[in-house]
Every structure is written in structure tokens, then in C-alpha cells.
Peer 1: 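Below is a structure I'd like to ask you about.
Note that ligands are numbered from 1 as they come in the structure, with each ligand's atoms numbered from 1 the same way.
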Amino acid sequence: MSRLRFDVVQEAFKKKAVDVELPDKRPSEYFGELVFNREKMHKYLDAGIYTALVNCIDNGEPLDRSTADGVAAGMKTWAMEHGVTHVTHWFQPLTEGTAEKHDSFMEYDGKGGMIECFDGKMLVQQEPDASSFPNGGIRATFEARGYTAWDPMSPVFIQDDTLCIPTVFISYTGEALDYKTPLKKALKAVCDAALPVCRLFDPKVSKVISYLGWEQEYFLVDEDLYATRPDLMLCGRTLMGHASSKSQQLDDHYFGAIPSRVAAFMRDIEIAGYKLGIPLKTRHNEAAPNQFELAPIYGEANLANDQNQQIMNVMNAMARKHGFVVVFHEKPFDGINGSGKHNNWSLGTDTGVQLLAPGKDAMGNLQFITFFVNVLAAVQKHNSVLKASIASATNAHRLGGNEAPPAIVSAFLGQTMTSVLRKLLEVPSDTPIEIAGKRGKSVGLVEIPEIFLDNTDRNRTSPFAFTGNRFEFRAVGSSANCAGALTTLNAAVAEQLLQFKADVDKAMKNGIQLNVAVMDTLKPLIASVIDTICFDGNGYSEEWQKEAVRRGLDTEIRVPEMFKAFTTPQSVKMFTSLGIYSEVELQARNEVKWEIYAKKVQIEARVLGRMAYNHIIPAALQYQTRLLDNIKLLKELYPSAFEQMASVEMGLVSEISSLVTELKNGVDAMVELRKIANNAPGEYETAARYYDVAQALVGLRSYIDRLEEIVDDDLWPMPKYRELLFIN
Ligand code: ADP
Ligand code: MG
């Protein structure tokens with residue numbers, strides 16, 4: 001090991017867990033301490049203002065200006081008790097992560113002094129000079145204004161000295177420039193569409209809620225090691241690195257004992273998360289070395305997604321306190337597991353019914369089957385755009401890789417539900433669907449075994465898996481904003497439920513009774529999904545790729561092509577008819593996606609090129625010089641025997657020569673590919689060309705990784721996988 005690398009590695013290895021300051025209260029007592037939740041509203045708002053705000057949150061009633069002033073006054077008092085001096089509108093632009101611009105409360109008091117000020121106007125709307133956010137050409141430069149507007153559905157919270165107000169972000173002309181706006185529209189669409197369907201079964205239902213339970217996977221890398229890797233620093237992933245001799249083959253990391261430095265980091269995140277009202281539940285080691293996971297109890301989707309964004313920010317900040325950097329990239333290390341963010345998704349009613357879980361009686365089960373099948377039908381119809389909704393330059397490394405959902409959106413049902421669906425196709429439409437075990441077995445019934453309720457099968461290879469009371473959209477990437485996937489999923493389900501309700505209504509108008517009308521409508525959907533998107537086999541297998549083509553599923557693997565699914569007539573119809581995206585927004589968002597794709601690959605290509613020239617080739621040539629010196633000495637001292645004695649050295653010298661030559665030529669060729677891409681006429685064409693650059697990167701790293709294998713460790717300039725992945 002080189003002296004420099006040795007020092008960095010030693011430094012990292014010696015680090016001990018940082019002390020965590022434990023609150024003197026129990027988590028349940030300080031939970032939500034930094035959130036302006038109902039309890040705080042009650043305490044800090046006048047009765048009339050409180051009622052108006054709650055009515056706005058629960059029933060979407062508008063708030064007038066004087067009520068907003070009253071709310072702001074209460075928030076200000078509460079915030080100042082926590083030492084808050086600043087306020088920001090907190091929003092989710094089409095970049096990764098969140099955006100905030102802080103303003104202090106300070107104003108002149110008109111009497112020669114200063115005063116803290118925060119009113120309804122500042123709460124409700126801000127006008128950030130936001131011309132530098134991605135907008136896909138929506139905002140002409142002469143009209144660069146964007147607006148952020150308060151989302152009362154997601155509570156205001158405190159971060160350090162700043163009051164953060166969750167907001168949507170829209171352009172002067174009203175187009176969404178963020179993730180939150182379309183998500184909120186899609187959630188409203190699915191709830192509006194699901195409600196009349198629920199009322200077929202229970203007229204008392206007055207609201208349907210869409211839920212999200214995210215599972216955040218991530219890697220931790222020691223910050224000193226991280227700082228020595230330009231690829232990790234600038235691209236969020238390693239662009240080179242030979243596999244460590246030991247990586248995850250012993251399965252000894254998954255659910256293993258959590259290393260003490262990591263445990264301290266997790267504890268700190270939990271304390272911060274609880275204070276922010278985030279119901280964190282699960283923490284564990286993941287499959288790959290230095291890979292971990294964090295998951296909360298699921299909640300209403302808009303809020304749960306905000307909380308995911310919040311906790312990612314907290315994790316980024318907290319990691320540094322513990323001497324780590326969090327890596328959210330989907331595939332930071334080649335050859336071991338990548339990171340996802342499973343989106344556990346379901347629908348439920350305000351009467352407490354989980355619509356994707358078996359019911360209490362035959363009608364309840366019919367309702368469950370109704371939602372279950374409609375979700376599958378939605379996923380079948382929109383499988384291309386669902387895939388597009390999770391596609392990105394970074395997630396591309398995971399999709400199709402052998403540890404992640406493949407780049408084909410299919411659904412896993414498990415044996416029980418598959419046989420229930422098959423059975424339903426065979427029996428008359430008025431057959432009751434029973435829970436077996438509770439009522440005993442009787443021939444002819446369609447039965448869901450009781451054990452199924454808490455014991456569903458698992459299939460890690462499926463991108464969209466049913467897990468007993470919810471679907472788990474597993475293809476979502478670890479760095480993604482869940483809203484991208486959830487907007488599309490909820491939209492697809494909303495469209496399908498509207499169609500379903502219309503069909504059932506038609507049948508019932510013809511005098512058919514409810515349960516028969518429902519089942520008659522479901523049967524063709526069942527027959528169709530069962531032979532297309534339902535697949536319980538191994539999603540990683542090559543046979544599945546072929547089978548999926550035969551079934552007419554989208555098997556596109558090129559990310560820039562995938563995005564086109566957003567603007568097909570079918571997708572445009574779905575999004576516009578539900579009022580989620582206009583056609584302009586869909587087009588603009590694709591422009592943004594293509595632009596980000598191209599830029600990410602461009603940065604990687606530049607970094608790899610420079611690392612090759614500045615780090616790798618010099619190290620390889622230095623080693624080659626050592627070998628040549630050795631050969632020269634052997635030749636001088638043993639002129640007749642040297643050829644045999646120096647055969648190893650000579651072999652290495654020539655292998656290094658050819659690897660270095662290939663590498664240099666490859667880097668130069670990649671520069672030419674970039675020139676072509678940069679000169680392409682539009683965002684799509686540029687991204688499509690950068691796809692070629694991305695493929696070239698894969699080939700180039702193979703020369704570097706081979707060099708890493710043979711070059712003297714003493715000369716290798718950067719920490720290797722065995723150091724990056726095993727020090728914690
Ligand atoms: P896994 O075993 O799949 O890794 P985890 O316990 O890590 O499961 O995470 C499961 C997630 O699913 C949690 O966030 C949990 O709250 C959530 N979840 C459970 N039931 C539902 C539901 N009905 N709807 C949405 N999410 C749910
Ligand atoms: Mg999990």
C-alpha cells in the first residue's frame with residue numbers, strides 16, 4: 001500500500017463511534033417536537049383559526065388571507081420558542097433532493113429598531129428567483145419567475161434555526177416545476193376514482209387514502225476514503241474498482257450485527273427523525289457490505305414522501321458528524337448489490353378498511369379482489385410508463401443487473417392469489433369468495449386461506465410484488481423522489497377504476513345485481529392480466545426476457561428511449577384527462593429527464609477520462625518502469641539466462657503496455673463519442689447519443705480493473721473496494 005493510502009486507510013480504520021446525545025425523554029414523548037402538528041395548532045392558534053386550518057387540511061377548504069395571518073402568527077410564536085430566526089419555503093424541484101432559500105424574520109420596526117416578522121403572505125406564497133431550476137423550456141428567460149405555494153397537507157417543521165414550509169413549485173404560467181404538484185394531483189385523482197367504487201360496497205365511506213411505506217437503502221463510506229475517490233465524489237458511484245476477494249458471497253452482512261459507528265449514526269438519525277414526526281421503524285444491514293436500510297411505518301403518500309426527502313437530508317448531514325458519507329446512488333459498486341427504495345403502496349378508507357387486503361366476509365373479499373384486479377389491469381395497460389417513471393441514468397445500472405428487478409414491469413402475485421384468480425375465472429360470477437379456515441372448506445367456493453393473511457410468499461426478483469395487504473413497487477431507485485413513481489402508479493390506477501366503475505354501472509342499469517356486475521366486469525380483466533403482466537417465476541432469468549417479449553411487454557433497456565412512454569397518446573390521455581399533467585408539462589419533463597441523463601453520463605465520462613490519464617496510466621507506467629529496471633538488471637548480471645528468469649516481468653510489461661494502450665485509445669474514442677453527442681440537435685438526440693457513451697464506460701473500466709489486479713499495490717493511487725466496503 002502506498003504511504004498516502006496507508007495513512008488514509010489507517011485513519012479511517014481507527015475511528016470510533018461518535019457519542020450520541022440521548023434525549024432525556026422517551027421517543028414517544030419527543031416525537032413530532034419539531035413539527036407544527038395538530039397538537040401545536042391547538043395550542044398556538046385561536047379556536048376559529050384552528051377550525052379553518054383543520055377544515056383546509058381534512059376537506060380541502062380554501063384558507064382566506066386573515067386566517068393565513070392567524071396561522072402564521074401561531075407558527076411564529078412556536079418557532080421562536082425553539083430559537084428559530086429564519087423561514088424557508090421547502091420544495092422539490094426536478095433535481096435530486098430538495099431546495100430552500102432562507103429569509104430571516106428580521107424587518108425594520110419603523111421606530112429605528114428591528115422586529116421579527118412572519119405573516120400569512122410569507123406563509124402562503126413566495127416568488128423565488130428560480131430561473132436556474134430544470135424546467136424543460138417551460139419558462140422563457142424573459143419570464144423566469146416561479147412560485148412556491150404552501151401545502152397545508154404536509155406540516156411545517158423546524159430544521160436547525162429555520163422554519164421549513166413544505167410547498168409546491170410552479171411556473172408563472174401555472175405548470176408544475178416540481179415533484180409534489182403532480183403527486184398531489186394524482187393522489188386526488190386516485191382517491192376520487194376509488195371512492196365511488198368503495199361506496200358500491202359501503203355507502204358510509206367518505207374518503208380514500210393512498211399510502212406509501214418506503215424502504216430506503218443506502219451505503220456508508222468513510223469520509224476520508226471517500227475524499228480520495230474523484231468518482232465517488234463527483235458521480236456518486238465508483239467508475240472503477242476490482243471486486244474485493246471477499247464481498248457478499250458469505251451472506252454475512254445481511255441482518256448482521258450493526259457496526260458500532262454505524263449504529264451511532266442510525267441512532268442519531270432516529271432521534272432527529274422522531275423529532276420531525278417521522279415514524280421510523282426498521283433499521284438493518286443490507287446484503288452488500290456497508291449497505292444498510294431504514295424504513296418507517298407507512299403513512300399518507302404525500303406526507304410519507306416529504307418525510308423521505310427530509311430524512312435523506314438528515315442522513316446526508318448526520319453522516320458527516322459520524323465521519324461517513326451517505327451514498328444514495330443505485331449502484332455505487334460494481335459486482336455487489338445496488339440500492340433501491342421499495343415503495344410499499346396501498347389504498348385504504350376513512351372507515352379503516354385496507355382495500356388491498358382480504359375482507360371480513362364474502363363482500364369484503366369481493367371488494368379486495370376488485371381493487372387487486374384493477375391495480376393489475378392498470379399496471380398491465382401502463383407498464384411502459386411505469387417503467388419510465390423509475391428510469392434514470394443511475395437506476396439503469398441496477399435494472400437488469402442480477403440483484404435488482406429487471407427492466408420489465410411484471411407483477412408477482414404469489415401462489416395463493418394466482419390460484420384465487422384462476423378459480424374465479426371458472427366459477428359462476430355470484431360465487432362468494434371465502435376465507436378458508438374460518439368457514440371450513442367446501443367444494444366450489446373460491447377461498448383465500450387464512451394463513452395467507454400474515455404469511456405471503458416473497459419474490460425478490462419482481463419489480464411489482466403483492467405482499468399480502470399492499471403492492472411493493474421495488475423498481476424505484478434509492479436516490480429517486482418517490483413522487484415520480486407514485487404519480488404514475490396512482491394515475492394509472494385512477495384511470496382504471498373510473499373505467500371499471502363505468503362498466504359496473506352499465507351492467508347494473510341492465511338490472512344485474514352488484515356482485516355479479518362486479519365479477520362480470522372483473523373476469524375479462526383477470527383473464528387478460530394473468531397471461532401478460534402476472535409472472536411469479538425468476539425475473540432475472542433469460543427465459544423471462546424472451547417470454548416477456550412474447551407477451552408483448554415493454555423490454556426496452558435504453559433509458560432515453562424509455563422516457564418516450566410519457567408522451568404516447570395513451571399516456572397523454574391518462575395524465576391529461578385526470579388533470580395531472582398537461583401535454584406541455586409531459587414534454588417539458590421529458591426534456592429535463594433527457595438533459596439530466598446526458599449530463600450525468602457526460603460527467604462520468606469526463607471523470608473516468610481524467611482518472612485514467614491522471615491516476616491510472618501514471619501508476620501503471622511507474623510499475624512498468626520498475627519491471628523494466630528489474631529486467632535490465634537481470635540482463636546485465638545474467639546475460640545468458642535472463643530471458644527465462646525475466647519471463648514474468650516481460651509478460652507483465654507487455655500486458656501493461658496493451659492495457660494502457662487500450663485504455664488511452666478508449667478514452668480518446670469516448671471523447672469523440674461525446675463530441676457527437678454534444679452536437680446532436682435536441683435533448684432527446686443528445687441523451688440517445690450519451691447512451692452510447694455510457695456503454696463505452698463499461699468497457700473502459702475493465703482495462704482499469706485488470707490493471708488494479710496486476711499493478712503493485714504500493715503504487716495504486718486510490719482506496720480499493722476491500723477498503724471502501726469493509727471499513728466502518
Ligand atoms: P420488507 O420485509 O419488505 O423489507 P419492511 O418492514 O422493511 O419490509 O418495510 C415494509 C414497509 O411497508 C414498511 O414501511 C411498512 O410500514 C409498509 N407497509 C406495511 N403495510 C402497508 C400497507 N398496507 N400499505 C403501505 N405500506 C405498508
Ligand atoms: Mg425491508
Peer 1: If you measure every N or O of Trp345 against every N or O of ligand 1, does any of those distances drop under 3.5 Å?
Peer 2: no
Peer 1: Check the pair Phe372 / Phe466 against ring-ring contact (aromatic ring centres under 6.0 Å, His included), numbers first and verdict last.
Peer 2: CA-CA 9 Å; Phe372 183 73; Phe466 182 63; 4.7 Å; yes
Peer 1: Tell me the nearest of Pro296, Ser210, Ala304 to atom 14 (O) of ligand 1, using heavy-atom distances.
Peer 2: Pro296
Peer 1: For Ile297, take its heavy atoms, then give the atoms of ligand 1 lying under 4.0 Å from any of them.
Peer 2: 16 (O)
Peer 1: Answer side chain, backbone, both or neither: which part of Lys281 comes under 4.0 Å from ligand 1, heavy atoms only.
Peer 2: neither
Peer 1: Under 4.0 Å from a heavy atom of Gly213: which atoms of ligand 1 are those, numbered in the order shown and with their elements?
Peer 2: 14 (O), 26 (N)
Peer 1: Does at least one non-hydrogen atom of Glu472 fall below 4.0 angstrom from an atom of ligand 1?
Peer 2: yes
Peer 1: Using a 3.5 Å cut-off on N or O atoms only, is Gln354 in polar contact with ligand 1?
Peer 2: yes
Peer 1: I would like to know whether Phe535 and Trp544 meet ring-ring contact (aromatic ring centres under 6.0 Å, His included); could you show each step before the answer?
Peer 2: CA-CA 9 Å; Phe535 175 68; Trp544 171 232; 3.8 Å; yes
Peer 1: Are Asp334 and Arg237 ion-paired here, with the side-chain N under 4.0 Å from a carboxylate O?
Peer 2: no
Peer 1: If you take the centroid of each ring, where Trp contributes its six-membered ring, are Phe219 and Phe333 closer together than 6.0 Å?
Peer 2: yes
Peer 1: Which atoms from ligand 1 have a heavy atom of Asn469 less than 4.0 Å away?
Peer 2: 20 (N), 23 (N)
Peer 1: May I ask you to check whether Tyr298 has an N/O atom sitting below 3.5 Å from an N/O atom of ligand 1?
Peer 2: yes
Peer 1: So which heavy atom on Phe473 is nearest to which on Ala485, and how close?
Peer 2: CE2-CB, 3.8 Å
Peer 1: With a 4.0 Å cut-off on heavy atoms, does Glu293 reach ligand 1?
Peer 2: yes
Peer 1: Between Asp306 and Trp90, which heavy-atom pair has the shortest distance, and what is it?
Peer 2: O-CH2, 3.5 Å
Peer 1: Salt bridge check, Lys180 against Asp178: does any charged N sit closer than 4.0 Å to a carboxylate O?
Peer 2: no
